[in-house]
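Here is how names work: the chains are called A, B, and so on, in the same order as the sequence lines, proteins then strands, and each is numbered from 1.
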Amino acid sequence: MEKKKLITDDGIRYDGRKLDELRPIKFQIGTLKNADGSAYVEWGRTKILVGVFGPRESHPKHLALADRCYIRARYHMAPFSVEERKSPAPSRREIELSKVMREALEPAIFAEFFPRTTIDIFAEVLQADGSTRCAAISAASLALTDAGVPMRDLVSSMAVAKVEGKLVLDVIDQEDKQGDSDMPMAIMPSKNVITLIQMDGLLTHEEFIQSVELAKKGCMEVYAKQKEALEEHFKKTMDREEV
Amino acid sequence: MEKKKLITDDGIRYDGRKLDELRPIKFQIGTLKNADGSAYVEWGRTKILVGVFGPRESHPKHLALADRCYIRARYHMAPFSVEERKSPAPSRREIELSKVMREALEPAIFAEFFPRTTIDIFAEVLQADGSTRCAAISAASLALTDAGVPMRDLVSSMAVAKVEGKLVLDVIDQEDKQGDSDMPMAIMPSKNVITLIQMDGLLTHEEFIQSVELAKKGCMEVYAKQKEALEEHFKKTMDREEV
Amino acid sequence: MEKKKLITDDGIRYDGRKLDELRPIKFQIGTLKNADGSAYVEWGRTKILVGVFGPRESHPKHLALADRCYIRARYHMAPFSVEERKSPAPSRREIELSKVMREALEPAIFAEFFPRTTIDIFAEVLQADGSTRCAAISAASLALTDAGVPMRDLVSSMAVAKVEGKLVLDVIDQEDKQGDSDMPMAIMPSKNVITLIQMDGLLTHEEFIQSVELAKKGCMEVYAKQKEALEEHFKKTMDREEV
Amino acid sequence: MTNQIIPSVKRKQIIELAESGKRTDGRSLTDMRPVEIQTNVIEKAEGSATVRLGDTYVIAGVKFAIGDPFPDIPNDGVMSVSAEFVPLASSEFETGPPDENAIELARVVDRGLRESKLLDTSKLCIIPGKKVWIAWVDIFILDHRGNLMDAAALAGLSALLTSKMPKAEVSGEEVKVTEEFVPVPLRAIPVNVTMAKIGDKLFVDPSLEEEEVMDCRLSVAFAEDDQKQEKICAMQKGGSGTLTPEELLRAVEIAKVKSQELRKHLPSGGK
Amino acid sequence: MTNQIIPSVKRKQIIELAESGKRTDGRSLTDMRPVEIQTNVIEKAEGSATVRLGDTYVIAGVKFAIGDPFPDIPNDGVMSVSAEFVPLASSEFETGPPDENAIELARVVDRGLRESKLLDTSKLCIIPGKKVWIAWVDIFILDHRGNLMDAAALAGLSALLTSKMPKAEVSGEEVKVTEEFVPVPLRAIPVNVTMAKIGDKLFVDPSLEEEEVMDCRLSVAFAEDDQKQEKICAMQKGGSGTLTPEELLRAVEIAKVKSQELRKHLPSGGK
Amino acid sequence: MTNQIIPSVKRKQIIELAESGKRTDGRSLTDMRPVEIQTNVIEKAEGSATVRLGDTYVIAGVKFAIGDPFPDIPNDGVMSVSAEFVPLASSEFETGPPDENAIELARVVDRGLRESKLLDTSKLCIIPGKKVWIAWVDIFILDHRGNLMDAAALAGLSALLTSKMPKAEVSGEEVKVTEEFVPVPLRAIPVNVTMAKIGDKLFVDPSLEEEEVMDCRLSVAFAEDDQKQEKICAMQKGGSGTLTPEELLRAVEIAKVKSQELRKHLPSGGK
């Protein structure tokens, strides 16, 4: 891959955004019929569909927990979602991201309300252009709400990267690959707690502190979009019910 | 693979047969000791051994059906059965043919007589020279009979291909690979119903109707050979019992 | 691999040993905290760690035996244990050696004392320089003792090879690869019975009889070292308990 | 163990309605559900399409990659069709490698596309005997509400119809992929029509409810070449029931008519 | 949980009979069951054989393919022996990849064939360090009625003994397989004899019934070279029982005699 | 179903003790357990180390092999980190392919080593675009008593720090591995520090007991380059609990201090 300059001297990024500007993000709730809850997100060119099943009977039974719901999550990429066709078998990266996604969502779920049951969260990445785990987690928290799973809060997620010496918000593929660091974060916005943080690359202590601040700002913007989508969805549902 | 002409101007095929002529087909029943029922068939150079176990306890138990017998089938090719050594792991083709074989045989089995049990049908292709699914299905219905499974009818199977513009009966490898279409069919002969039909290749509507007719004729010839084999087998068994 | 002469005219081997001389062998008992019993052996450059769990509840349950303990064994090589990195997935060789190791140890275990339970024996080869199965079996019988599993006897194991026309005791890698035969054997020394014997290569009947004699002598030397290690271990344990 | 009571009640109801030519969702026996096809939905793929067939929802993507030809056809490119029953599509689907249903689906769609001679694989050759284009057609089931076969076939076909293929330049043994794209060499167009048999009736484009109680299904693919010549190019019976020869011939007649209807929904080639 | 009552009754009966030198199927302790070998049963294979040892029924096929040599023996061809316990052979066998029993069987047969120097792999080299012949020996168990080890070894051996090998022509780096066949380069012939130990007796060629109650088994392979020189070339104890040193030596004596008997059933080389 | 009573009692006890800055094993909240590193323990590996962190016991081995570069970085060698949770290490571990915990561990260790720019992979190139060195770093957990992350990272690092690399000679397209060894091209050194959050306290280097009742853990790796410049190079939260922003920043402060402490235990480079 050829390295081009990704940020102009005026602080304009590869795709025309400012350093702390998000891509267009659009959530759609309830797009699937079979799933108990679902959400679709277009996050720039990143496109992800999430379906939730449950709480339902645990199968196999030995997975059942006596005091709370067992939560499973799968992050999976379609073969055509990336530049080079990806084998449909789950890669090591997908297995790690499935774990990380589950652990980012679990704190928001009142799992103790549903002992001995299972909730399944399935995220399919249809097109990947950076920040897929952030998009998947944010969409999944909407799908869980759509499924009627009682939640402490939504989970909103955003990544910050250091590219050509500058911190940038909402990372695209090109920036991720050429950048010096990548830091995805997820929070429960109204609780002000972090449910996901990962980082790789080189950051000074100071840069790290700034990254966390910037990520938080991004998460709050995602949160606003999530709430908008929820309102729109409930409005539609109510309209339909009134008919 | 070099393409030779497969049919002479006089309508004589690669292996000397006429267009609607079957290869020598020989069924042998009860060739295995451990299996509850078994049959071996030499169908030209195609050689297949079928073993049946059951009705027996379902394992694992969650497979058990409350109102009928659970039927499993496996179509499998030995590594040495084809020109190029085949890996013994089941290919996608073998998995599809296992399903198709099961569905061709199920209608003939009084599955409702044996709720909560399983019948296993295992077909091993020892040598493959075309029409292996037809041979496997036809032999399997004899193995089921040998196992004492109550049957509505035998299942008899035959393939028709279009080769060099002509419809031919009982397709060999060479004809399958060079031909324009392949259509395996299976019927319950005394019921006049179809339990298997697949087709690929290009056929006009008219040619398709002719193919079905020709396949049916072939199935009836197979049926005659199956009945012969059964008679011979029962005769032998009775002779043995009388001794 | 280049073939060098492995035995001098004076009967001195590649690594300086005499024909019937063992490498330095050192057993250490109780090296692991989590395992119910464990032993580590340095057998020349061959280094193996064995951990034993059980008797414990059988899982899955259908493995449970009504009249005795179910014994599982795994012989496994670390990727860095051999010249060329080995894939961590179990090879066919490792699967066979797991079976052979289990069957060499089973006769020594009072399995009938623990019906419906399972004992797991896990051997990890950290470095392989010949005679790994002998070292694993010998160490495993100490790990079983450390786990408190009641034993009829220890199991002591040793391999004999024919190299450049001569029978040699305690085979290293180089001798195994260039040699004409390899014969690992295991015995219960105080019972004078054989629990493992395998052989490959070409031996006359006479050479075979001599090989068995020589292997037995080697096993007895291993037995002495095993007993030493046990005494030392029990002494340490008692010292600790007295404090 | 599977409960068999609810399906048998449903089955009775479906059969009774069908006596007067009706179905539980208001369709006649030969009506398809509404068809909606969107193409170029995945910009990173060389071709892509989503298909909604009623509430059944399927996506297909096409990727081209350079690979080795099969030894017995050294001068032909390769088309590889896979289908994944993604677990979000149904509470019945599970994670793991494709099961027999996903494999059958992929192989039937593959045969339909292949046997119609849709794709001219001879034009996918880069260096004869050494390097060819592989067209990966991946079909993902996103919502399973019946008749996956037709939805998947439509999605795979639509993705191929709107694919652009990268262009390779050869100098000696070296292959370089250029930035340029060329149209995919397509010929006859296959369309698949599936019918469920329940009792003695045929139900075109069966819903999930109908599939749960059907005796068997029959899928028939008709290909139409550039002279508007129509031929049968693939057929597959599924399920444990039987068909009479008359039912088989009737089904083929129906498929011929319905495939013409479906053709109107297809995207026009190139993109 | 496995029921242990029936086997222990059977075991008692078998041991009592053996006291007077008899077995449940009428054989003496050192009798083999009838051996029947048929060769060239699979025309598409380069070599093949079925073996019936009593009611135990095994088939082996040999295929030659061109492949890469192992890096540490670049000038030698490769022999690869696999065994599959096909599920139709026993109600105990299951579908899936080979289990430890199938792997042990294949590896013991492999060692017998390999260590006897039966196959001269140096003559399977096509281009040193680059291309060699791989001889795939696939053994399928078709009916398991005891002593698979000897039946499988006989089948693999008989298939190799009657194999013909394709001939390759080399020009530069190009390899072309001709229509011609040449004999497989064979040397010493190994024959495997298995005995079960039950109580303090050795049972040659154990039946399934005997295997179910045995303490352990011992397999001994003797190789005979062209000077009629006999050597032990492979040995394997199986099962959880023990052998005394005297029993071991006795077993080897018996195997020596019985392997000579078995040799008479072998097909003559070439085909 | 998992019993939840014992853990909740333990958790209460651990939290109460922590109020007065103590832990069940006598450490303060910021104390690491004793660290013991042994290197060159596997002579056949190009580098190796065992690490004992309290009773947690881990081994790592490094092997160099010649392989193909990734197409997108044709002039760089490859480092591949795997972790195996060997079943003898814990009654909870099972045989089989690595589970999500083993994969996460390997990937976090890998990122720490990789993102610190520890290994200069550009110097692992043999023939640009064709042949490069692959450094296989295999980490085996031998006894799991808590904080595998730090123990594994230390083991992998120590094995790499003391590795010697084989030297390859190139003539044309031919690569020959010589008997000579050269030092591995290393740069900045990463050290990982993990803390468990239980209640509102952070526990450095958590024991197994603490991990069983923790809310979540945070691992932070600091890299130090040859100018003694320190930077954060990897971070990973694990577990289902949450962190406040203040806890996150505090944890990073602690990790900075503790990583300096751990550095003193590292083996000096080369061997």
Side-chain angles (χ1 to χ4, degrees), chain A residues 1 58 61-68 70-71 83-84 90-100 102-109 111 115-116 152 155 177 180-183 185-188 191-205 207-209 211-213 215-216, chain F residues 1-5 7-8 71-73 80-82 97-108 110-112 114-117 188 190 215-223 225 229-249 251-253 255-256:
Chain A
M1 190 182 312
S58 291
K61 278 186 185 163
H62 68 83
L63 294 179
L65 302 173
D67 60 344
R68 63 205 154 85
Y70 180 76
I71 296 167
E83 293 301 339
E84 304 281 317
S91 66
R92 289 162 59 87
R93 179 179 170 276
E94 284 168 293
I95 291 170
E96 186 201 343
L97 289 198
S98 296
K99 177 176 189 289
V100 150
R102 187 188 70 232
E103 293 176 345
L105 293 164
E106 271 186 313
I109 298 171
R116 291 157 207 264
R152 292 187 171 81
V155 179
K177 278 178 187 143
D180 298 314
S181 77
D182 184 25
M183 191 191 85
M185 195 168 103
I187 64 173
M188 286 165 39
K191 307 273 177 191
N192 192 27
V193 292
I194 295 162
T195 70
L196 163 82
I197 183 148
Q198 294 183 284
M199 202 280 281
D200 55 73
L202 287 170
L203 287 182
T204 65
H205 201 146
E207 285 166 342
F208 170 69
I209 294 171
S211 294
V212 171
E213 274 314 301
K216 206 174 142 186
Chain F
M1 289 183 294
T2 315
N3 187 318
Q4 299 296 318
I5 296 169
S8 80
D72 52 338
I73 37 169
S80 169
V81 178
S82 309
D99 70 355
E100 62 169 28
N101 295 305
I103 286 171
E104 186 194 26
L105 180 76
R107 284 178 56 85
V108 171
D110 179 282
R111 285 198 290 264
R114 189 180 305 278
E115 298 295 339
S116 67
K117 319 284 186 211
D215 298 299
C216 62
R217 61 168 161 70
L218 186 73
S219 300
V220 183
F222 272 92
D225 62 21
Q229 285 269 8
E230 262 190 333
K231 288 190 175 169
I232 304 172
C233 68
M235 188 175 297
Q236 181 94 345
K237 181 209 151 219
S240 308
T242 62
L243 289 169
T244 65
E246 298 69 40
E247 286 166 346
L248 173 64
L249 299 183
V252 171
E253 296 283 358
K256 197 174 183 172

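Ranked by heavy-atom pairs under 4.5 Å with chain A, the first of F/Arg114, F/Lys256, F/Glu247 is F/Lys256. Per-residue heavy-atom pair counts under 4.5 Å with chain A were compared for F/Ala106, F/Gly241, F/Ala223, F/Gly239, and the maximum is reached by F/Gly239. Of the listed residues F/Val108, F/Asp215, F/Val252, F/Leu218, the one with more heavy-atom pairs under 4.5 angstrom with chain A than any other is F/Val252. Contact count against chain F (heavy-atom pairs under 4.5 Å) is highest for A/Asp200 among A/Leu97, A/Asp200, A/Val100. Of the residues considered (A/Gly201, A/Pro107, A/Ala111), A/Gly201 shows the highest number of contacts with chain F, using heavy-atom pairs under 4.5 Å. Your options are A/Met185, A/Arg93, A/Glu207, and the one with the most heavy-atom pairs under 4.5 Å with chain F is A/Arg93. Chain F forms the most heavy-atom pairs under 4.5 Å with one residue out of A/Met188, A/Glu213, A/Glu106, A/Met183, and that residue is A/Glu106. Put simply, of F/Leu249, F/Leu248, F/Thr244, the one with the most heavy-atom pairs under 4.5 Å next to chain A is F/Leu248.
With sequence neighbours excluded, no residue satisfies side chain to side chain donor-acceptor pair (under 3.5 Å) with F/Asp225. Applying the side chain to side chain donor-acceptor pair (under 3.5 Å) criterion to A/Lys191, with sequence neighbours excluded, gives no partner residue.
Between the F/Lys117 side chain and the F/Ala188 main chain, no donor and acceptor come within less than 3.5 Å of each other.
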Would you please test A/Ile95 and A/Lys99 for side chain to side chain contact (heavy atoms under 4.5 Å, CB included) and show each step? CA-CA 7 Å; A/Ile95 291 170; A/Lys99 177 176 189 289; over 6 Å; no

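Residue A/Leu196 touches chain F through its backbone alone, counting heavy-atom pairs closer than 4.5 Å.
No side-chain heavy atom of A/Asp67 sits under 4.5 Å from any side-chain heavy atom of A/Pro115.
The pair A/Arg102-F/Glu104 fails the salt-bridge criterion, with no side-chain N (NZ, NE, NH1 or NH2) lying under 4.0 Å from an Asp/Glu carboxylate O. With respect to the salt-bridge test (charged N to carboxylate O, under 4.0 angstrom), the residues F/Arg107 and A/Glu96 qualify.
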